[in-house]
Amino acid sequence: MAVVVGVDAGGTSSKAVVVDETGTVLGRGSAGPGNPAASGPAAAHAIGSALRAALGPAPATVTSGVVGVAGASALADPAIAAAFAAEWARLGVTGPMTIVGDAVTAFAAGGDRASGAVLICGTGAVAALVDGLEVTRVADGLGWLLGDEGSGLWLGLQAVRRAARRWPTPLARRVAAHAGVASADELVHWAQALPPFGALAPVVCELAEAGDPDATAIVEEAATRLTATLDELGAPGAPVVLGGGLLVADTPVRRAVLARLHERGAEVGTAVDPALGAARLALRQAAGTVTAPSRIA
């Protein structure tokens, strides 16, 4: 049987979908982190594992595939590129496997539009203009030290900063419980080890839902920064697809961003299933309606 595949891979997990020529889903699989910028060559193995799980035991010929990955630019590293090539060989792939940035597959998951903007907010945050299989412009996505403003990691870091400055408050007590500390000084010491601040994002969202003023202020500022990142693309009339855990699930961050976009009259979609979006792009690539990008973004 001839099939096409789609993959959505990020810093937390890799998800794969297998479809037939009609677009019917035949299998799904998941595995560990698939961001090559963070995981190096191990990302290729994780993506391959997800694909093997999706393909199952029945023999199939993969004629085309689109793999959307966070950190796709790391494929410029020969060792990482070789790891992916070896994984495709082990899977017996006969057709092209096109690797694109996760913004492309997120945009494809938000509808049938050929081009537009995507705003992704999960652990990190990035906005991009997408045309077919190519990203034509990017804003933010700079990592937590230099950017990723409004992201889950940003939310957690702001919570720690507010807790240290406004001790004690309800937010500070929740942050302290998470960190296992009993004072602002201990919190400062804990933060110097650069723990995974993003793990505090659910705490911020929970407290914002309950009306906590500190958490609400953080969420509102996150939405302001995320829409500002979108504005950096310079395409005010473009349809927008929202992607990433904080903008796909019903979170206060999503609602705050939606309120701002609806005030502008923007056309908004949601990237519910980026792996399936990638598979649909693979079908379009096989049919010749989209072409492989000239560069990975």
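Everything numeric here is computed off the predicted structure, so don't read it as measured data.
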J.: Applying side-chain hydrogen bond (donor to acceptor under 3.5 Å, both in side chains), which residue pairs with at least one partner in residues 192-210 are found, sequence neighbours left out?
T.: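 Residue pairs passing side-chain hydrogen bond (donor to acceptor under 3.5 Å, both in side chains), neighbours aside: R174-E206, E209-R255.
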
J.: To the closest 0.5 Å, what do you measure between OG1 (T270) and CG (L242)?
T.: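 Separation between the atoms: 5.5 Å.
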
J.: Distance-only check: which donor-acceptor pairs under 3.5 Å involve side-chain atoms of residues 114-122, not counting sequence neighbours?
T.:
none

J.: Among all residues two or more places apart in sequence or in another chain, which pass the side-chain contact (heavy atoms from CB on, under 4.5 Å) test with A159?
T.: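 By the side-chain contact (heavy atoms from CB on, under 4.5 Å) rule, A159 matches L171, V175, V204, I218.
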
J.: Does D8 pair with K15 as a salt bridge, N-O distance under 4.0 Å?
T.: no

J.: Residues two or more places apart in sequence or in another chain: which of them pass salt bridge (charged side-chain N to carboxylate O under 4.0 Å, His left out) with E21?
T.: none

J.: Enumerate the salt bridge (Lys or Arg N to Asp or Glu O under 4.0 Å) contacts for residues 65-85, please, sequence neighbours excluded, ordered by first and then second residue.
T.: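 Residue pairs with at least one partner in residues 65-85: there are none.
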
J.: In chain order, what residues pass the side-chain contact (heavy atoms from CB on, under 4.5 Å) check against A53, with sequence neighbours excluded?
T.: none

J.: Once side-chain hydrogen bond (donor to acceptor under 3.5 Å, both in side chains) is applied, what residue pairs with a partner in residues 226-243 remain, sequence neighbours excluded?
T.: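 Every pair satisfying side-chain hydrogen bond (donor to acceptor under 3.5 Å, both in side chains) with a residue in residues 226-243: D231-R264.
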
J.: Among residues two or more places apart or on two chains, list those pairs meeting salt bridge (Lys or Arg N to Asp or Glu O under 4.0 Å) that have a residue in residues 24-36.
T.: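 Sorted result for residues 24-36: R28-D273.
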
J.: Output all residues satisfying salt bridge (charged side-chain N to carboxylate O under 4.0 Å, His left out) with R173, sequence neighbours left out; order by chain, then residue number.
T.: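 Testing R173 for salt bridge (charged side-chain N to carboxylate O under 4.0 Å, His left out), a comparison that skips the adjacent residues, returns none.
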
J.: With sequence neighbours left out, what residues match R90 under salt bridge (charged side-chain N to carboxylate O under 4.0 Å, His left out)?
T.: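 Salt bridge (charged side-chain N to carboxylate O under 4.0 Å, His left out) list for R90, sorted by chain: E87.
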
J.: If every non-hydrogen atom of A208 is compared with every non-hydrogen atom of A215, which pair is closest and at what distance?
T.: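 Closest approach of A208 to A215, heavy atoms only: N-CB, 3.5 Å.
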
J.: If you look only at pairs with a residue in residues 113-131, which of them pass as a salt bridge (Lys or Arg N to Asp or Glu O under 4.0 Å), with sequence neighbours excluded?
T.: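 Applying salt bridge (Lys or Arg N to Asp or Glu O under 4.0 Å) to every pair that reaches into residues 113-131, excluding sequence neighbours, yields R113-E267.
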
J.: Which distance, rounded to the nearest 0.5 Å, do you find between the CG of L247 and the OG of S151?
T.: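 Those atoms lie 10.5 Å apart.
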
J.: Give a yes or no on this: more than 12 heavy atoms of other residues, nucleotides or ligands lie within 6.0 Å of atom NE2 of H45.
T.: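 No, because the 6.0 Å sphere around NE2 of H45 holds 12 heavy atoms or fewer from other groups.
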
J.: Applying side-chain contact (heavy atoms from CB on, under 4.5 Å), name anything that partners L157, two or more places apart in sequence or on another chain.
T.: W144, R161, F197

